[in-house]
Enquirer: 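One structure is given below, represented as structure tokens, and several questions about it will come after.
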There are 2 protein chains.
Amino acid sequence: MEEHDELKKTGLKVTLPRLKVLNIFESSKEKHLTAEDIYKEMLGSGEEVGLATIYRVLTQFEQAGLLIRHHFESGKAVFELNEKSHHDHIVCLQCGHVEEFVNEGIEKLQTQVANEHGFTIIEHSLYIYGDCTKKDCEYKK
Amino acid sequence: MEEHDELKKTGLKVTLPRLKVLNIFESSKEKHLTAEDIYKEMLGSGEEVGLATIYRVLTQFEQAGLLIRHHFESGKAVFELNEKSHHDHIVCLQCGHVEEFVNEGIEKLQTQVANEHGFTIIEHSLYIYGDCTKKDCEYKK
DNA sequence: TAATAAATGCGTTTAATTTTCATTATCTTC
DNA sequence: GAAGATAATGAAAATTAAACGCATTTATTA
């Protein structure tokens, strides 16, 4: 009961919709999902669920630190499991495929820039947008 | 007639709403403005304008390369004049104050990361979020 | 200045997300 | 393990940012 315990720790009640949402994130091939994605996935596997519940659960999971919310250029919010280990994103503008990366050099330079401006850095978001033409750009939007 | 010529160059007709929008960006203390901000500003100075026009004009200006559109965490689109010279942003989470910066090291490393992933980089967005406590954090949200 | 082509404002519409509220399920305690 | 308290759910309505349709107005260009 892995997911059951994860939920318990957050103080949220352990309900079917919440278990299912967590489960989808943990078993999905695509790590970055919108509320709509999850809703369709659940309807597809015969769950009785309302879209409002998905939105609520996603926000609660974000507040509980289970998920991270991203704002890509699309306008819709995208969520992924909070792996605790920080990483940034590189997004293909053609097919929407997302890859993750971490670059220590960039991290260090950011802290340096923040210092230069008298800021204490709390977080950051870095998205590289490009063209993954060298790869199998066969993902559908 | 500075702004007049700027508009001409884009091929767009030189109209009052468009001149006024440009003017607001060029004279505003705050460089980063939402459609709503501009709308209120114009109503405030007695202009007869519709919000739809603002949205249209902002999008046209973006396409013409006069403005850059940002997606901050707020969910609303934020625009700024396109100074042509690329820069990133550091945002204070307390007061919303935004500063700009460019760091060549970060730029280079991004290109490198893109290459490693087989991407051709088209653009990127980097926002550092923090606390500007050492400065006069007296801006109101 | 007249003709034409584009821009405007208003109201309506869409898309994503949030809220309300009555019903239902979970948790806690006995 | 059932009862009561409390929180979660689903459906529908509300909200918010942004876009659109169209009749009217305005800028351009000849």
Side-chain angles (χ1 to χ4, degrees), chain A residues 1 3-24 32-43 45-64 66-79 96 141, chain B residues 1 3-24 32-43 45-64 66-79:
Chain A
M1 291 286 116
E3 286 133 16
H4 189 285
D5 296 344
E6 249 185 296
L7 272 179
K8 278 246 129 154
K9 269 185 277 182
T10 67
L12 295 168
K13 284 190 180 172
V14 179
T15 65
L16 241 99
R18 298 216 255 240
L19 281 171
K20 187 70 186 171
V21 168
L22 252 196
N23 191 260
I24 287 174
H32 302 83
L33 303 170
T34 64
E36 202 57 38
D37 290 338
I38 292 167
Y39 182 58
K40 283 185 192 145
E41 178 70 30
M42 287 177 76
L43 287 191
S45 50
E47 310 286 326
E48 286 274 325
V49 74
L51 188 49
T53 301
I54 308 291
Y55 276 107
R56 265 184 307 235
V57 167
L58 288 174
T59 300
Q60 291 157 344
F61 283 4
E62 183 196 13
Q63 287 164 349
L66 293 179
L67 296 178
I68 295 177
R69 182 195 301 256
H70 296 285
H71 292 276
F72 294 129
E73 312 243 309
S74 67
K76 323 188 192 187
V78 175
F79 295 83
K141 213 281 187 58
Chain B
M1 291 286 116
E3 286 132 16
H4 189 285
D5 295 344
E6 249 186 295
L7 272 178
K8 278 246 127 152
K9 268 185 279 180
T10 67
L12 295 168
K13 282 191 183 173
V14 179
T15 65
L16 241 96
R18 298 216 254 239
L19 280 172
K20 186 71 186 167
V21 167
L22 252 198
N23 190 260
I24 288 175
H32 302 82
L33 302 170
T34 65
E36 203 58 38
D37 290 338
I38 292 166
Y39 183 56
K40 283 184 191 146
E41 178 72 29
M42 288 179 75
L43 288 191
S45 50
E47 310 286 327
E48 286 274 327
V49 74
L51 188 49
T53 301
I54 308 292
Y55 277 108
R56 267 184 305 233
V57 168
L58 288 174
T59 299
Q60 292 157 343
F61 282 5
E62 184 197 11
Q63 287 164 349
L66 293 181
L67 295 179
I68 296 176
R69 182 194 301 255
H70 296 285
H71 292 276
F72 292 127
E73 312 245 306
S74 69
K76 320 188 193 187
V78 174
F79 296 82

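Proteins come first, then strands; the chains are lettered A, B, ... in the order of their sequence lines, and each starts at number 1. Nothing here was measured: the structure is a model prediction, and the numbers come from that model. Values below: every heavy atom of this structure, side chains too, minus hydrogens, waters and symmetry copies.
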Enquirer: Taking any heavy-atom pair under 4.0 Å as a contact, classify B:Glu36: base, sugar-phosphate, or nothing.
Expert: nothing
Enquirer: Within residues 14-22 of chain B, find the residues that approach DNA chain C with a heavy atom at under 4.0 Å, and present them sorted by residue number.
Expert: B:Thr15, B:Pro17, B:Arg18
Enquirer: Between B:Tyr39 and B:Leu12, who's closer to the 5' end of DNA chain C by nearest nucleotide?
Expert: B:Leu12
Enquirer: Report which part of the nucleic acid B:Lys13 touches: base, sugar-phosphate, or nothing (heavy-atom distance under 4.0 Å, all strands).
Expert: base
Enquirer: Heavy atoms of chain B, cut-off under 4.0 Å: which first and last nucleotide of DNA chain C, 5' to 3', fall inside that, if you could look?
Expert: C:dA5 to C:dG11
Enquirer: Can you sort out the partners of B:Thr15 under side chain to side chain donor-acceptor pair (under 3.5 Å), two or more places apart, ordered by chain and number?
Expert: none
Enquirer: For B:Lys8 and A:Thr53, find the nucleotide of DNA chain D closest to each by heavy atoms; which residue's nucleotide sits nearer the 5' end?
Expert: A:Thr53
Enquirer: Got a sec, which residues hit side chain to side chain donor-acceptor pair (under 3.5 Å) with B:Gln60, two or more places apart in sequence or on another chain?
Expert: B:Arg18
Enquirer: Using the test side chain to side chain donor-acceptor pair (under 3.5 Å), find all partners of A:Glu62 that sit at least two apart in sequence or belong to another chain.
Expert: A:Arg69
Enquirer: Roughly how far, to the nearest 0.5 Å, is CZ of B:Phe61 from CG of B:Leu22?
Expert: 4.5 Å
Enquirer: Kindly give the heavy-atom pair with the smallest separation between A:Thr53 and A:Pro17, and that separation in Å.
Expert: CG2-CB, 4.0 Å
Enquirer: Calculate, to the nearest 0.5 Å, the distance between atoms CG and CZ belonging to A:Leu58 and A:Phe79 respectively.
Expert: 4.5 Å
Enquirer: Please list, chain by chain and in numerical order, all residues satisfying ring-ring contact (aromatic ring centres under 6.0 Å, His included) with A:His70, sequence neighbours excluded.
Expert: A:Phe72, A:His89, A:Tyr127
Enquirer: Would you please name every residue forming a side-chain contact (heavy atoms from CB on, under 4.5 Å) with B:Lys9, sequence neighbours left out?
Expert: none
Enquirer: Over its full length, what angle do the end axes of the helix from C:dT1-D:dA30 to C:dC30-D:dG1 make, each axis taken from five pairs and the result rounded to 10 degrees?
Expert: 40°
Enquirer: Compare every heavy atom of A:Val49 with every heavy atom of A:Leu43, then report the nearest pair and how far apart it is.
Expert: CD2-O, 4.2 Å
Enquirer: Using chain A heavy atoms and a threshold of under 4.0 Å, write down where along DNA chain D the contacts begin and end, 5' to 3'.
Expert: D:dT6 to D:dA12
Enquirer: Please walk me through it: do A:Gln63 and A:Thr59 pass side-chain contact (heavy atoms from CB on, under 4.5 Å)?
Expert: CA-CA 6 Å; A:Gln63 287 164 349; A:Thr59 300; 3.9 Å; yes
Enquirer: Would you indicate what A:Ala77 reaches in the nucleic acid, counting non-hydrogen atoms under 4.0 angstrom: base, sugar-phosphate, or nothing?
Expert: sugar-phosphate
Enquirer: Could you measure the distance from the CD atom of A:Glu36 to the CD atom of A:Glu41? Nearest 0.5 Å is fine.
Expert: 12.5 Å
Enquirer: Would you please name every residue forming a side-chain contact (heavy atoms from CB on, under 4.5 Å) with A:Glu47, sequence neighbours left out?
Expert: A:Leu16, A:Lys20, A:Met42, A:Ser45
Enquirer: Please identify each residue that fulfils side-chain contact (heavy atoms from CB on, under 4.5 Å) with A:Tyr55, with sequence neighbours left out.
Expert: A:Ala35, A:Leu51
